[in-house]
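Heads up, the thing below is written out as structure tokens.
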2 protein chains.
Amino acid sequence: MRIGQLAQSVGVDTQTIRFYERQGLLPPPDRQENGYRIYNEKHGERLAFIRRCRILDLSLAEIHELQRYQDDPHQSCAVVNALLDDHISHVRSQIAALQALEKQLVSLRASCNDDREVAACGVLAGISEGSMHPQQAESSA
Amino acid sequence: MRIGQLAQSVGVDTQTIRFYERQGLLPPPDRQENGYRIYNEKHGERLAFIRRCRILDLSLAEIHELQRYQDDPHQSCAVVNALLDDHISHVRSQIAALQALEKQLVSLRASCNDDREVAACGVLAGISEGSMHPQQAESSA
DNA sequence: TTAAAACTATATATCTGCTATAAGGTCAAT
DNA sequence: ATTGACCTTATAGCAGATATATAGTTTTAA
């Protein structure tokens, strides 16, 4: 099957497939005489695996790591579980950071109402005043 | 004050200050004869405002919008409140998406333990099997 | 006085995970 | 013969910085 069919069957763009190939996530397929890429079932499965990992928000580097584990099927799968545990912590710390942010935003929002001029806006005043602690949606979990 | 002092006083990199200037978030300051940028108090306040907005995870475009509102101080601050409300919805939908993701990851993790070979890993099997719904950390709130 | 350290300047590349565009080659049907 | 759908590579763009390269300036110390 050619790249367009593969793309459609998995639900990705053809560009994305070439991109994964360049990133080393998909093995370079054979080519027809005219240079067109030819894919088989295995490629489809591998691509679907990548997409499912992406749905879980695993990074391409993490997916790469999982693929390396799959290439050595007799080692303990503790490494896989550890990767997943790390990812779960990561997601949890993102959630925590966003919840703290939400709280901050809601409290800021409460400091104003629509019946004012911008010059007297409680929200803008609250931002300008300071007393805020840096805390991006990312921490070391 | 020069760029290095400003950077230190606000706690950002000098590169970041030049970046904000290029993005139109900071007005181009006067220059010394040697071409060095010279900043005053106003610049410091404006930069601090930007940083506090960033801590609230507002995008540079949103910050720009807030600045435009500040330039027209007699309009109703409803626009500011609306921007904040939108941002709060945005943050809440991020949280919801991440919580759904966490649930999915935890359930996946429960399907394995460390006493297996990679070949029999429940986590990898779970990912390979499919039956997953696309759901990135972003939705239309 | 001179030489190194510390600062400034611009331009460009890097990061993530794609997506989009440009410019062109291939193939089947009309 | 030409249209259209497909394929190829190369390159640029998004966000929001951060890093690097190269060069000029100022300050400090020997």
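Reminder, nothing fancy here: chain letters follow the sequence lines and each chain counts from 1.
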For this session: Calculate the interatomic distance between Glu33(A) atom CD and dT8(D) atom P; express it in whole Å.
Result: 15 Å
Exercise. For Gln15(B) and dA21(D), what is the distance between atoms CD and P respectively, to the nearest whole Å?
Worked result: 13 Å
For this session: Verify the contact: side-chain N or O of Arg37(B) to OP1 or OP2 of dA9(C), cut-off strictly under 4.0 Å; return yes or no.
Result: yes
Seminar exercise, completed: Out of dT8(C), dT19(C), dT8(D), minimum distance to the side chain of Arg18(B) belongs to dT8(C)
Seminar exercise, completed: Considering only heavy side-chain atoms of Tyr36(B), the closest of dC18(C), dT26(D), dA17(D) is dT26(D)
Exercise. Is the shortest side-chain N/O distance from Arg22(A) to OP1 or OP2 of dT16(C) below 4.0 Å?
Worked result: no
Exercise. Can any side-chain N or O of Arg52(A) pair as donor or acceptor with the backbone N or O of Ile127(B) at less than 3.5 Å?
Worked result: yes
Seminar exercise, completed: Taking for Val12(A) and for Asn34(A) the nucleotide of DNA chain C with the nearest heavy atom, the one nearer the 5' end belongs to Val12(A)
Problem set entry | DNA chain C: 5'-proximal contact among Gln5(B) and Ser59(A) (nearest heavy atom) | Gln5(B)
Seminar exercise, completed: Closest of dG25(C), dT10(C), dT18(D) to the Phe19(B) side chain is dT18(D)
Exercise. Among dT9(D), dT8(C), dC18(C), which nucleotide sits nearest the side chain of Arg31(A)?
Worked result: dT9(D)
For this session: Rounded off to whole Å, could you give me the CZ-to-P distance for the Arg2(A) and dT26(C) pair?
Result: 13 Å
For this session: Could you state the atom-to-atom distance from CD of Gln32(B) to C1' of dT8(C) in whole Å?
Result: 9 Å
Exercise. Given dA17(D), dT9(D), dA9(C), which nucleotide is nearest the side-chain atoms of Thr16(B)?
Worked result: dA17(D)
Problem set entry | Length of the CD-P vector between Glu62(B) and dC14(D), whole Å | 17 Å
Seminar exercise, completed: When rounded to whole Å, the CD to P distance for the pair Gln23(A) and dG17(C) reads 9 Å
Seminar exercise, completed: Ranking dA17(D), dC6(D), dC18(C) by distance to the side chain of Arg54(B), first place goes to dA17(D)
For this session: Examine the base of dG16(D) for any acceptor or donor lying under 3.5 Å from a partner atom in the side chain of Tyr20(B), and report the outcome as yes or no.
Result: no
Problem set entry | Length of the line joining Gln8(A):CD and dC7(D):C1', which is rounded to integer Å | 15 Å
Exercise. Glu21(B) CD to dG16(D) C1': how many Å, rounded?
Worked result: 17 Å
Exercise. Do any N or O atoms from the side chain of Arg18(A) and from the backbone of Arg22(A) form a donor-acceptor pair under 3.5 angstrom?
Worked result: no
